Amino acid sequence: MTAPPTGARAGVPAATPADEAGAVGPVGAADAPDADLIERSRTDPEAFAALFDRYSGMLYRYVSRRLGPEVAEDLVGETFLVAFSRRGRYDLSHRDARPWLFGIITKLVSRHHRSEAARYRALRRSPVDGHVEGPADRVAAGVTATASRPLLAEALAGLPRRDRDVLLLVAWGDLAYGEVAQALGIPVGTVRSRLSRARRKVRAVLGDTNPMNEEE
């Protein structure tokens, strides 16, 4: 088996501005579409490292919010190892690889569903005062500022895993409905129904506060 590129290391540090800009990687990779990088990596494995540099930061923050930073480091590394091994089967008509990568990492997160629920329950019991928010703890845009962190944690803990995956891919992964459908391999109609159900349950816990932006 071909070794993964040096960029797809097993551990991932906190995101840096360079990560966000995709400044590190093979020559000419900074502005190349994801699909072109994947196609190139089939004969030049080092080209795949540019995807790591481009997306590892956002994937790290997504998993950190769900499972904590310690687990996030391992899962981000595993995500890119899985993606690298499957790059030959990637549908190059999908120019943006984010849904593909979020789909892989969400499946990995599902292995830790008990730990995730326990994390939310622990956050529910923790006091709001004195908590210093970091990038992995901020409630994503779309969750209203009036929703307290403990109540949101309680609401998330009570959601079925599939509904929670859809809600958080929209809220914390910043994916559109069609991208969530691609990530999870489900119809867009299923995304809409799961998201509507999750919003309704979270809204009830938050006292009828709309937890998500209803616009697509």
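These figures come from a predicted structure and were not determined experimentally. Values reported hereafter were calculated over all heavy atoms of this structure, with side chains retained and with hydrogens, waters and symmetry mates removed.
Considering only heavy atoms from C-beta on, Leu156 comes within 4.5 Å of Leu167 through its side chain. Residues Ile38 and Trp100 form a side-chain contact, since some pair of their non-hydrogen atoms from C-beta on lies under 4.5 Å apart. Contact check for Val82 versus Lys107: no side-chain heavy atoms found under the 4.5 Å cut-off. Within the 4.5 Å cutoff, side-chain heavy atoms of Ile186 are placed close to those of Arg194. Taking the side chain as every heavy atom from C-beta outward, Glu179 and Asp96 approach each other to under 4.5 Å. Using a 4.5 Å heavy-atom threshold, the side chains of Arg164 and Val109 count as separate. Contact of the Leu75 side chain with the His112 side chain is registered, since non-hydrogen atoms from C-beta on lie closer than 4.5 Å.
Taking all atoms of both residues into account, the shortest heavy-atom contact from Ala198 to Asp163 is CB-O, 3.9 Å. Pro99 and Ala183 get closest at one heavy-atom pair: O-CB, 3.1 Å.
Arg66 and Asp165 are joined by a salt bridge, as a carboxylate oxygen and a charged side-chain nitrogen come within less than 4.0 angstrom of each other.
Remark: the backbone N or O of Thr190 is paired with a side-chain donor or acceptor of Ser193 at under 3.5 angstrom. Here the side chain of Ser196 pairs no donor or acceptor atom with the backbone of Arg192 at under 3.5 angstrom.
Atom CZ of Arg162 is surrounded by 12 or fewer heavy atoms from other residues, nucleotides or ligands within 6.0 Å.
Each of Leu169, Val166, Leu168 was scored for a side chain to side chain contact (heavy atoms under 4.5 Å, CB included) with Leu175, with one residue passing: Leu169.
Taking the ring axis of Phe84 as reference, the NZ or CZ atom of Arg87 stays within 45° of it and closer than 6.0 Å to the ring centre.
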Take Phe80 and Ile104, measure what side chain to side chain contact (heavy atoms under 4.5 Å, CB included) needs, and give me the verdict at the end.
CA-CA 9 Å; Phe80 281 96; Ile104 293 172; over 6 Å; no

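Scanning for side-chain contact (heavy atoms from CB on, under 4.5 Å) contacts around Arg95 gives Pro33, Ala35, Asp36, with sequence neighbours left out.
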